[in-house]
Structure formats: C-alpha cells, structure tokens
Amino acid sequence: MQPTDFKDPLPQHVAIIMDGNGRWATERGMSRVRGHVAGVQSVREITTECARLGLGSLTLYAFSVENWKRPSTEVRYLMRLLRVFLRRERKTLMKNNVRLRCIGRLHDLPAGALKELRRTEEMTRKNTGLVLRLALSYGGRSEISDAMQAYGRDVLAGQADPEKVDEESLRAYLYDPETPDPDFIIRTAGEMRLSNFLLWQLSYAELYVADVCWPEFKKQALWKALAAFGERHRKFGLSPEQDGGRKVSSSAGKTSS
Ligand code: FPP
C-alpha cells in the first residue's frame, strides 16, 4: 500500500489503543518490557506520519488508571520509558511542528515523568501542526467522575446552574474540552473493546481493529486503516435519505440521536 492509495477526507482526530506489546514480546521469547520498548518505535513512526499527513490530533492510550495494578517492575519500566521518550523526542516534535498535550490523572505520575512532560508541553506549546495527546493514568470513567466533581464544586460556588446543564456545558469539565472528538478509533492486536478509553468522546467515532500487535503497527498499517475510514458511511443517527448516503464527513456541528 502507498500513501496515495487512500483519499480524502482523512479523519481529523485519530485515537489509538496501543495493544499487544506484551504478546508481541512473549511470542518472540522476550520479556514483556521489550515489547514496550518496541512499542515506542511505533509511537515515533505513527506520530511522524500523522504530522506529515496533516491530521489535526492523535490521541494515544499510553497508560490507563487500571495499568497501575500491573507488577511494580513493569509500571516502573513504563514510567522510565515515558521519561526517556519525552526527553529524546522533543527535537523531533519541534522539527515536525507537533504540540504535546496530556490527559489523565497526571498528578498520579512520578515527579520525574511529570516534570519532563510539563517541559515538553511548554516547549511545544506554540507548534501549530499535529496535536499529540498522551492519555496517562487515564480512564474514561475517572474523567467523567473528575468532571462531575469539578462541576459540583462550581454548583456549590454558585458558578453553575444544574437546571441549565447540557452536553456542551458538561464537556467544558472534561480534561481537554477544546480538542474536537476523535472521528476514528484504532485498536491493535485484534481486541474489540474500548477498555475505558474516551468514553464520552468516542460516541460517534468509527471503529477499526488491526490484527497486528502495536510494535508492528507502522505507517503501512496506518495507511490501510485510513483507507478503511475513507470507505465508511457516517450517519450520526440520521436516515440514509436525510444524509444523502454520503461517505465520511466531519462530525463538527452534527447532532446525534
Ligand atoms: C498495551 O500492551 C500497552 C500498554 C499498556 C502501554 C503502551 C505503552 C507503549 C506503547 C510504550 C510507551 C509509550 C510512550 C508514549 C512512551 P500490553 O502490555 O497490554 O500487551 P498485551 O495485551 O499483549 O499484554
């Protein structure tokens, strides 16, 4: 497959559940953490390719709230990988005009990783190309419950009116309300579940499951996924007569049912 094999429109915001690092390594007789190391190469290649293609945002599920329950050696290793990744990738992010943002319960992260993360966010703040969002210590349910807590505080302070609450006002309490919802969600390693990822934001995203494990998901696999997106027919709850039987289009401004 070539990058010319898929046609516009491309998704504006791609979200990826990077699954299968452990399986990839175990199948090759290596320790699970070697799979995470190999996964970093895919993070680098896919980010660079999304930037080159001119996508608006890429959100990667890098560490979930549930992942803290993994063996402490694996957790420590992942946190170290994150720190090293942030330090090493800054130059490339700057070169590719990529802005880094992070979502999740970031206060849970070790101080060293958090410091590198804030530095990278600050350094790339003015970049105008792709927004790379890393979901870290992230859970869709915790995002919604954190939003409800913040909303409740505003109600108590007299700054929000429960009678007027609607989808738009609730969205303002999510971790990153400015970024449009993903229109395309990719999961690797063949699993067909959302695993507590962006539960609010994925309501109308097109789903795509790649059979390959994340360390094997490189730009050819991304092109294949984007070609599949181009063939989808997005209805947003309308009937075929109402939406004219169109293929993909932006979700901006659409209402749902
Ligand atoms: C899932 O594979 C992957 C993760 C829990 C972590 C994802 C992390 C990376 C790709 C590397 C670090 C990322 C950054 C941004 C530095 P798994 O271990 O659940 O695989 P399995 O299902 O085969 O066990």
Side-chain angles (χ1 to χ4, degrees), residues 14-51 57-93 96 98-106 108-110 112-121 123-124 130-140 142 176 185-198 209-219 221-222:
V14 176
I16 306 185
I17 302 177
M18 308 182 286
D19 196 14
N21 291 350
R23 260 164 289 173
W24 180 87
T26 312
E27 280 161 14
R28 285 160 181 77
M30 297 188 273
S31 66
R32 291 176 51 79
V33 291
R34 301 309 301 170
H36 297 315
V37 174
V40 173
Q41 301 291 340
S42 296
V43 170
R44 187 175 296 128
E45 178 160 332
I46 296 304
T47 304
T48 302
E49 187 58 11
C50 286
S57 306
L58 170 67
T59 299
L60 300 178
Y61 204 3
F63 195 86
S64 73
V65 279
E66 290 81 14
N67 286 155
W68 293 113
K69 294 184 203 132
R70 289 194 175 196
S72 60
T73 45
E74 185 174 343
V75 170
R76 267 204 308 277
Y77 201 92
L78 276 166
M79 290 300 135
R80 194 172 137 246
L81 262 188
L82 173 67
R83 213 174 58 231
V84 172
F85 168 82
L86 291 167
R87 214 181 295 142
R88 289 207 184 135
E89 287 315 295
R90 273 182 207 133
K91 233 166 107 180
T92 315
L93 295 177
N96 293 332
V98 175
R99 177 175 183 191
L100 180 87
R101 294 183 77 136
C102 295
I103 53 170
R105 291 184 165 165
L106 305 178
D108 291 342
L109 298 176
L114 189 59
K115 192 173 128 212
E116 296 297 343
L117 194 149
R118 293 300 184 211
R119 278 191 67 184
T120 316
E121 280 184 325
M123 193 178 283
T124 60
L130 179 78
V131 177
L132 169 64
R133 296 196 314 169
L134 294 183
L136 292 161
S137 192
Y138 178 86
S142 15
D176 183 9
I185 163 81
I186 298 173
R187 180 168 187 149
T188 58
E191 305 293 348
M192 302 199 190
R193 52 178 176 267
L194 286 181
S195 298
N196 202 14
F197 190 38
L198 300 174
V209 175
D211 283 332
V212 293
C213 292
W214 176 248
E216 295 167 306
F217 193 88
K218 296 292 195 301
K219 61 185 174 195
L222 177 71

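Every number for a ligand or one of its atoms is a count from 1 in the order of the listing.
- Comparing E66, R70, R88, R23 against atom 17 (P) of ligand 1, the shortest heavy-atom distance belongs to R70.
- The residue Q41 has no part lying near ligand 1, judged by heavy-atom distances below 4.0 Å.
- Checked by atom type, the side-chain pair S137/R105 shows no donor-acceptor distance below 3.5 Å.
- Closest protein heavy atom to atom 5 (C) of ligand 1: N67 OD1, 3.6 Å.
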- I would like to know whether R90 and E116 meet salt bridge (Lys or Arg N to Asp or Glu O under 4.0 Å); could you show each step before the answer? CA-CA 10 Å; R90 273 182 207 133; E116 296 297 343; 2.4 Å; yes
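- The shortest contact between atom 7 (C) of ligand 1 and any protein heavy atom is with A62 O, 3.5 Å.
- At the shortest separation from atom 12 (C) of ligand 1 among protein heavy atoms lies V40 CG2, 3.9 Å.
- For the ligand labelled ligand 1, residue W214 lies inside the 4.0 Å heavy-atom shell.
- Ranking protein heavy atoms by distance to atom 20 (O) of ligand 1, first place goes to G22 N, 3.1 Å.
- Ranking the protein heavy atoms by distance from atom 1 (C) of ligand 1 puts M18 O, 3.1 Å first.
- In this structure, atom 3 (C) of ligand 1 has protein heavy atoms in its sub-4.0 angstrom surroundings.
- Atom CZ of R28 sits in a crowded spot, with more than 12 heavy atoms from other residues, nucleotides or ligands closer than 6.0 Å.
- Heavy-atom contacts from other residues, nucleotides or ligands closer than 6.0 Å to CZ of R119 number 12 or fewer.
- Residue, atom and distance of the protein heavy atom nearest to atom 11 (C) of ligand 1 are H36 O, 3.6 Å.
- Among protein heavy atoms, atom 9 (C) of ligand 1 sits closest to N21 ND2, 3.6 Å.
- Checked against L58 for a side-chain contact (heavy atoms from CB on, under 4.5 Å), the options L134, I46, V98, V131 give a single hit: I46.
- R32 NH1, 2.8 Å is the protein heavy atom nearest to atom 24 (O) of ligand 1.
- Distance alone, capped at 3.5 Å, is enough to place a donor-acceptor pair between the N196 side chain and the G140 backbone.
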- Query: Taking it one step at a time, do F63 and M79 satisfy side chain to side chain contact (heavy atoms under 4.5 Å, CB included)?
  - Reply: CA-CA 9 Å; F63 195 86; M79 290 300 135; 3.8 Å; yes
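- Put simply, CZ on R99 and CD on E121 are 8.0 Å apart, with the number rounded to the nearest 0.5 Å.
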